[in-house]
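So the structure is just underneath, and the comments pick up after that.
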There are 2 protein chains.
Amino acid sequence: MPRGFGHGGPWWHTRFRGAGFRITVPRQAILEVLSKTQKHLSAEDVYMAVHRICPTVGLTTVYRTLELLVDMGLVFKFDFGDGRARYELALGPKGERHHHHLVCTNCGRVIDYTEFIDDEIELLQQTEKGLSKKYNFDITHHLIQFYGLCDKCKGR
Amino acid sequence: MPRGFGHGGPWWHTRFRGAGFRITVPRQAILEVLSKTQKHLSAEDVYMAVHRICPTVGLTTVYRTLELLVDMGLVFKFDFGDGRARYELALGPKGERHHHHLVCTNCGRVIDYTEFIDDEIELLQQTEKGLSKKYNFDITHHLIQFYGLCDKCKGR
DNA sequence: CTCCTTATTGAAAATGGTTTCCATTATCAA
DNA sequence: TTGATAATGGAAACCATTTTCAATAAGGAG
Ligand SMILES: [Mn+2]
Ligand SMILES: [Mn+2]
Ligand SMILES: [Zn+2]
Ligand SMILES: [Zn+2]
């Protein structure tokens, strides 16, 4: 378990204490799992991975913790259309990691992309401004996903 | 019931016959319901509305028909995060009606918007082209949703 | 360090939207 | 009109997620 920098433990300890949440074994294990992958894990995926570190952690706790992390803004929750929610750490060790998704409608593969984000962001901010004004809406975030067939699935 | 043009019945009859699907009472009722609203109906919403026209239609048939219509491209299926799928006719009587959504994370209200679509579409096509090339992906469609608080919900 | 409050946990049961089963019905080509 | 079979509907199954509740453990007070 990578402890590490500063003196108080991992970076998110401060967030937890600040919000009055306890730092528990299950929570540490779940965050460890999330921080060690680039994949978009389902609750069950997280559960199975956590199980290897700490077999006593229950699926219920995984769901609860993921919800907490989403509420805290530490984790993003996505729906790629396969009937289960997917989770992903919001910020990597290198800071923010905003990106959008490319989803294969055949095999379910999900690709993160960031290369066109800059242009998109610019347009999005314009659009958000226009929409906010017109509909008197406070926009907090957006979702952009492209659907289609990945290279492996397009051949047939 | 808007019958209408040509001689064979509503516009979608041709699509059905062409695909070898039968034109049944439940299917007619469901399409009638969908074509008479601008809302984003859940399967249960459709079921209840259909029930008024034709009380014998079952919820199972509603689900089956909606799936069929989605597969045929006549209906769009969305997930606005409230745990149930939402359906919307893909094309109104005036033809295509592509639009994106503004979703209130507090009350669940969904607003269609089309006014910034043109700029978005242009950027999206660029992005799609770039992504297709880079990831060798065949992009068929996209999803764009803005989340936030609607005017009624932002006051507090 | 020990105690105490109570946030957190895990197992089991409940929930709720959606799908599957299957015997019955109704569409439509011949 | 008739027959093959696509379509239907009610009940049961499915399955991701949530709720319940008694047991546990985090962490501040002393
Ligand atoms: Mn991602
Ligand atoms: Mn819409
Ligand atoms: Zn694929
Ligand atoms: Zn609202």
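What's counted below: heavy atoms across the whole structure, side chains too, no hydrogens, waters or symmetry copies. Residue numbering restarts at 1 for every chain, and letters A, B, ... go by the order of the sequence lines. Here the structure is a predicted model, which means the values were calculated and not measured.
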To the nearest Å, how far apart are [X] [atom1] and [N] [atom2]?
X        : N       : atom1 : atom2 : value
Arg86(A) : dT17(D) : CZ    : C1'   : 15 Å
Leu69(B) : dA7(D)  : CG    : P     : 12 Å
Gln28(A) : dG27(D) : CD    : C1'   : 13 Å
His51(B) : dG9(D)  : NE2   : P     : 10 Å
Glu67(A) : dT18(D) : CD    : P     : 6 Å
Phe16(B) : dA6(D)  : CZ    : P     : 16 Å
Leu66(B) : dG9(D)  : CG    : P     : 13 Å
Met72(B) : dA7(D)  : CE    : P     : 11 Å

- prompt: Arg22(A) side chain: which of dT17(D), dT18(D), dA26(D) is closest?
  reply: dA26(D)
- request: Evaluate the ring planes of His40(A) and His101(A), with Trp represented by its six-membered ring, and classify them as parallel (under 30°), tilted (30 to 60°) or perpendicular (over 60°).
  value: perpendicular
message: Please report whether the ring centroid of His100(A) lies less than 6.0 Å from that of His142(B).
response: no
query: What do you reckon, is CD of Glu122(A) surrounded by more than 12 foreign heavy atoms closer than 6.0 Å?
result: no
task: Identify the 5'-most and 3'-most nucleotides of DNA chain C with at least one atom closer than 4.0 Å to a non-hydrogen atom of chain B.
output: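 Reading along DNA chain C, I get dG17(C) to dC28(C).
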query: Do Val25(B) and Ile23(B) belong to the same hydrophobic cluster, where Ile, Leu, Val, Met, Phe, Trp and Tyr are linked whenever their side-chain heavy atoms lie under 4.5 Å apart, directly or via other members?
result: no
- request: On DNA chain C, check which nucleotide each of Pro26(A) and Lys77(B) is closest to and give me the residue with the more 5' one.
  value: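 Comparing both residues, the 5'-ward one is Pro26(A).
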message: Regarding Thr60(A), tell me which of base, sugar-phosphate or nothing describes its non-hydrogen contacts under 4.0 Å with the strands shown.
response: base
- request: Have a look at Ser42(B) and say if it touches a base, only the backbone sugar-phosphate, or nothing, with a 4.0 Å heavy-atom cut-off.
  value: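 Here Ser42(B) touches no strand at all.
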message: Should the side chain of Arg64(B) and the base of dG9(D) be counted as holding a donor-acceptor pair, with the cut-off at 3.5 Å?
response: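 In this structure, the two groups form a donor-acceptor pair.
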message: At 10 degrees resolution, what angle do the end axes of the helix from dC1(C)-dG30(D) to dA30(C)-dT1(D) form when each is taken over five base pairs?
response: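 For the helix from dC1(C)-dG30(D) to dA30(C)-dT1(D), the axes at either end differ by 40°.
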message: Asp119(A): which residues meet the side chain to side chain contact (heavy atoms under 4.5 Å, CB included) condition with it, sequence neighbours left out?
response: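 Asp119(A) satisfies side chain to side chain contact (heavy atoms under 4.5 Å, CB included) with Leu123(B) once adjacent residues are dropped.
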query: Does the pair Arg86(B)/Asp45(B) count as a salt bridge with the N-to-O cut at 4.0 Å?
result: yes
- request: State whether Arg84(B) and Glu44(B) are salt-bridged, where the test is any N-O pair (Lys NZ or Arg NE/NH1/NH2 against Asp/Glu carboxylate O) under 4.0 Å.
  value: no
- prompt: Side-chain N or O of Tyr63(A) less than 4.0 angstrom from OP1 or OP2 on dT18(D)?
  reply: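 No, Tyr63(A) has no side-chain N/O under 4.0 Å of OP1/OP2 on dT18(D).
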task: Apply side-chain contact (heavy atoms from CB on, under 4.5 Å) to Phe80(B) and Gln145(B), showing your working.
output: CA-CA 9 Å; Phe80(B) 296 127; Gln145(B) 288 173 193; 3.5 Å; yes
- prompt: Looking at Thr61(B), Val33(B), Thr56(B), which one forms a side-chain contact (heavy atoms from CB on, under 4.5 Å) with Val50(B)?
  reply: Val33(B)
